[in-house]
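These numbers come from the heavy atoms of this one structure, side chains and all, not from hydrogens, waters or symmetry mates. Protein chains get the first letters and strands the later ones, always in sequence-line order, with residue 1 at the start of each.
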There are 2 protein chains.
Amino acid sequence: MNTALDQLSSLANERRLAVFRYLVTLGSGGAPAGDIAVYMNVPANTLSAQLSQLSRAGLITGRREGRSIIYSVNFDAIGGLILFLLEDCCNGRSEVQTRILAAITDVCRDDKDCLDMADAVQMKKVQDE
Amino acid sequence: MNTALDQLSSLANERRLAVFRYLVTLGSGGAPAGDIAVYMNVPANTLSAQLSQLSRAGLITGRREGRSIIYSVNFDAIGGLILFLLEDCCNGRSEVQTRILAAITDVCRDDKDCLDMADAVQMKKVQDE
DNA sequence: ATTATATTTCCATATACGTGGAAATATGGA
DNA sequence: TCCATATTTCCACGTATATGGAAATATAAT
């Protein structure tokens, strides 16, 4: 829960949320701190502080490559945060959970891998009963 | 996205997150501001400020009942926030999305309604293809 | 009308947070 | 070794946020 709080505060800032969303679009490849600063039009040291906060919260990770430090999002972390919210919000409220579930399966409609695994999940669930 | 920011900042505070989670456990019934203040062991006016922020963000709503104002969580809003994060995080990353999907269906395993609706979603999805 | 209860608004204060200049650190190339 | 590049740390300043006392508002009961 303290992790969740850190992650929420990290995302609860316009610039950091923008950085995070930008990094999401870049996938695991990520981008060097300097490039992000240019893209965001922010001084390097200012951005560094933001990146370090996102990093402390576990939402992104930096790896050194030569002189650059490449930041990329930690997809597991955001998944964890989503689950935290989900468990919070769905405490005995199956309608909400189901509504979200529907939306998710909807979102992955065009994605073969996603559908296959969703099916697998469904199978496993049916087996369990 | 501005809504999401407001909601994130509202939850990014220890006390407010605690209030929110407490209200979640109470369901749509909610609780009067005063009771929440007692439960949280916080002066009424201080808590009032927190409630009003959660309310401005749309995460909770207050309805007057006699002298009391009853606050209860807005499940749609938290669902919306989850979807926002999900769309952000799953931009072309079906593994993550699927992992979360699996976790959700897992969470609702014991819940007949949830399963039924998950099945319905699954059906609809298969039809679409 | 008056009083009691529930909550909010106003306001002052303290603390936390975001920002960017200047200096420090780390790596790579000549 | 010396210089250039990439990023961070240090620090000071301004702004935003959280807090709670005191007064205001709103409802209900007598």
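- Contacts between residues 51-63 of chain A and DNA chain D, defined by a heavy-atom separation under 4.0 Å, are absent.
- Residues B:V38 and B:I36 do not share a hydrophobic cluster, clusters being chains of Ile/Leu/Val/Met/Phe/Trp/Tyr side chains in contact below 4.5 Å.
- Note on A:L86: it clusters hydrophobically with B:L26, by side-chain heavy-atom contacts below 4.5 Å among ILVMFWY residues.
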Handout entry: side chain to side chain contact (heavy atoms under 4.5 Å, CB included) between B:L17 and B:R21, intermediate numbers included
Key = CA-CA 6 Å; B:L17 183 57; B:R21 299 181 81 193; 4.1 Å; yes
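- Interatomic distance, B:L5 CG to A:L11 CG, rounded to the nearest 0.5 Å: 9.0 Å.
- Note on B:Y39 and B:V24: same hydrophobic cluster, where clusters join Ile, Leu, Val, Met, Phe, Trp and Tyr whose side-chain heavy atoms are under 4.5 Å apart, directly or indirectly.
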Practice task
Determine, step by step, whether A:T3 and A:L81 satisfy the side chain to side chain contact (heavy atoms under 4.5 Å, CB included) criterion, reporting the C-alpha distance in whole Å, the side-chain angles of both residues, the deciding distance to 0.1 Å, and the verdict.
Solution key: CA-CA 9 Å; A:T3 309; A:L81 178 57; over 6 Å; no
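- With a 4.5 Å cut-off on side-chain heavy atoms, B:F20 and B:I78 count as touching.
- A donor-acceptor contact shorter than 3.5 Å links the side chain of A:R16 to the backbone of A:S9.
- Within residues 38-46 of chain A, the residues approaching DNA chain D are A:A44, A:N45, by heavy-atom distance under 4.0 Å.
- Taking CG of A:N2 as the start and CD of A:Q7 as the end, the distance is 10.5 Å to the nearest 0.5 Å.
- For residues 6-18 of chain A, proximity to DNA chain C is found at A:N13, A:R15, A:R16, defined as any non-hydrogen atom under 4.0 angstrom from a strand atom.
- In this structure, CZ in A:F84 is found 7.0 Å from CG in A:L8, a value given to the nearest 0.5 Å.
- The backbone N or O of A:A44 lies less than 3.5 Å from no partner atom in the side chain of A:S48, so there is not a single donor-acceptor pair.
- Between the axis at the start and the axis at the end of the helix from C:dA1-D:dT30 to C:dA30-D:dT1 there is an angle of 20°, using five pairs per end and rounding to 10 degrees.
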Handout entry: Derivation and outcome, side chain to side chain contact (heavy atoms under 4.5 Å, CB included), residues B:N13 and B:Q53
Key = CA-CA 11 Å; B:N13 171 281; B:Q53 181 164 344; over 6 Å; no
Which atom pairs, donor and acceptor, lie under 3.5 Å between side-chain atoms of residues 55-64 of chain B and protein residues at least two apart or in another chain?
from: B:R56; atom 1: NH2; to: B:S52; atom 2: OG; distance (Å): 3.3
from: B:R63; atom 1: NE; to: B:E65; atom 2: OE2; distance (Å): 3.2
from: B:R63; atom 1: NH2; to: B:G29; atom 2: O; distance (Å): 3.1
from: B:R64; atom 1: NH1; to: B:G66; atom 2: O; distance (Å): 3.2
from: B:R64; atom 1: NH1; to: B:R67; atom 2: O; distance (Å): 3.4

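- Atoms CZ (A:R64) and P (C:dG28) sit 8 Å apart, rounded to a whole Å.
- Toward the 5' end of DNA chain C, the nearer of the two residues A:E65 and A:A49, judged by each one's closest nucleotide, is A:A49.
- When the side-chain nitrogen and oxygen atoms of A:Q50 are compared with OP1 and OP2 of C:dC17, none of them lie within a distance under 4.0 Å.
- Projected onto DNA chain C by closest heavy-atom contact, B:S48 and B:R67 fall at different nucleotides, the more 5' of which corresponds to B:R67.
- Taking a heavy-atom distance under 4.0 Å as the criterion, the stretch of DNA chain D touched by chain A extends 5' to 3' from D:dA4 to D:dT9.
- Annotation: side chain of B:L23 is not in contact with side chain of B:L54 (no heavy-atom distance under 4.5 Å).
- Residue A:P43 is tested with A:N41, A:T46, A:L47 for a side-chain contact (heavy atoms from CB on, under 4.5 Å); the sole match is A:T46.
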